[in-house]
Number of protein chains: 2
Amino acid sequence: MKGEDRKEEIFETAAQLFGERGYNAVSMRDLAEALGIKAASLYNHISSKQELLSTIIISVAETFTEGMNKIISSRKSVVEKLDDVIELHVRITIESSSALASLNNDWRHLKEPDLSYFLDMRESYEENFRKILKAGVKKKEVKKLNIEVMLFTILTSLRTLNQWYSKKQGVDQAELSAQMKQLLLHGIILD
Amino acid sequence: MKGEDRKEEIFETAAQLFGERGYNAVSMRDLAEALGIKAASLYNHISSKQELLSTIIISVAETFTEGMNKIISSRKSVVEKLDDVIELHVRITIESSSALASLNNDWRHLKEPDLSYFLDMRESYEENFRKILKAGVKKKEVKKLNIEVMLFTILTSLRTLNQWYSKKQGVDQAELSAQMKQLLLHGIILD
DNA sequence: GTCTATAAAATGATAGAC
DNA sequence: GTCTATCATTTTATAGAC
């Protein structure tokens, strides 16, 4: 199946370029050149530029959705669930850094019906996260702060981990997870 | 000075559109239409689309630089300085939400020499922040965690505050600052 | 599966009338 | 200060030869 290999290669290179420069700043000529072929040849493997973006973004988004669903349905404590969410993000950041960058920067350029599908997943993910935090407050495992501020702050740090991780070296996955847990859950100030 | 008013209006509308859709997804025709004029008329007030992006981004970046310089040269404690940095971000988020979105999403599309100028300011800002954290660790005001992880996590939360603030209502500036301080500096877990 | 050639549309920007 | 008309370029995508 050489054809499938080529297709895979196209998606990977597209994810990398979209992640670096943004969807609109990467032309089909740019992508083709990076692959060593002409732009017209791309259309023998894919049907449109939009298909590239949708496939890249939806794939990562589904991985997040599956991960969160597992966490939600487990019987762990709230703090353990929060640990697991952080680990999920760190894992995906390291495994799918480019696709994650595309998702973060270019989800706005999805077209319907993919846009709605993506937004539904995103909303559902956030709602599940919110539920974990609310349960934590109720069980007195989590401080009684504004739920939306907590949700946003933790989530945005986790979502943009890739921006930072791709630049720095010398921090491995386990170490990064541990540091993020300390920081986001326990803060940085010594009392 | 009616001309200056019009120019101001163009920059504000551009910031809003760039912030919503991204620089490359907003055409000069889109911008003109939002202002109720034709695209060609824009060029009586500005010289290029690039000028719009540069002016918008550099202006906010300079506000951050000035704010950070004041904080760095004050004689406050580390924790107070961290409080001030958080307040600086919350203030700019509320005052210049659209320009901040342009900065976050589209700084990559700046051209030289503006790109280098921006990156220098950004690097200097981060270096000052790093110094505050390092001093905190030394004085035992801040936990001895990985400096880069702390820097990244706090900064990314603050930088993307606008994404979230523009959606939600009912949280005022003082309240938001207070919540962010609690969360970023002291964490969310009850010990 | 890749190429050349080309269509069809959109884009940033300019010239010149009013 | 805004308009119409237009240019030069770039863009996504298709047709058809090899």
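Order of the sequence lines fixes the chain letters, A, B, ..., with proteins taken first and strands second; residue numbering starts at 1 for each chain. Predicted model only: the values in this text are computed from it and were never measured.
- Looking at residues two or more places apart in sequence or on another chain, you find no side-chain contact (heavy atoms from CB on, under 4.5 Å) involving B/Ala40.
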Anything under 3.5 Å between a protein N or O and an N or O of nucleotides 6-13 of chain D, put it in a table, one pair a line.
from	atom 1	to	atom 2	distance (Å)
D/dT12	OP1	A/Lys49	NZ	2.8
D/dT12	OP2	A/Met28	N	2.9
D/dA13	OP2	A/Tyr43	OH	2.8
D/dA13	OP2	A/Lys49	N	2.8

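- Looking at residues two or more places apart in sequence or on another chain, you find a side-chain hydrogen bond (donor to acceptor under 3.5 Å, both in side chains) between B/Ser54 and B/Asp114.
- In this structure, B/Glu51 atom CD and C/dG12 atom P are separated by 15 Å, rounded to whole Å.
- Note on B/Leu119: it clusters hydrophobically with B/Ile56, by side-chain heavy-atom contacts below 4.5 Å among ILVMFWY residues.
- Under 4.0 angstrom from either OP1 or OP2 of C/dG1 there lies no side-chain N or O belonging to A/Ser41.
- Atom NZ of A/Lys7 is separated from atom P of C/dG1 by 11 Å (rounded to the nearest Å).
- Under the side-chain hydrogen bond (donor to acceptor under 3.5 Å, both in side chains) criterion, A/Ser41 pairs with no residue at all, not counting sequence neighbours.
- Residue B/Asn44 contributes atom CG, which lies 13 Å from atom C1' of C/dA15 at whole-angstrom precision.
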Contacts under 3.5 angstrom, residues 24-38 of chain B side chains, donor-acceptor by atom type, not counting sequence neighbours:
from	atom 1	to	atom 2	distance (Å)
B/Asn24	ND2	B/His109	NE2	3.2
B/Ser27	OG	B/Arg29	N	3.4
B/Ser27	OG	B/Asp30	N	3.0
B/Ser27	OG	B/Asp30	OD1	3.4
B/Ser27	OG	B/Asp30	OD2	3.3
B/Asp30	OD2	B/Ser27	N	3.1

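- The NZ-C1' distance, from B/Lys38 to C/dG12, rounds to 16 Å in whole Å.
- Shown here are the side-chain hydrogen bond (donor to acceptor under 3.5 Å, both in side chains) partners of A/Thr156, two or more places apart in sequence or in another chain: B/Thr160.
- What separates CD of A/Glu8 from C1' of C/dG1 is a distance of 18 Å, to the nearest Å.
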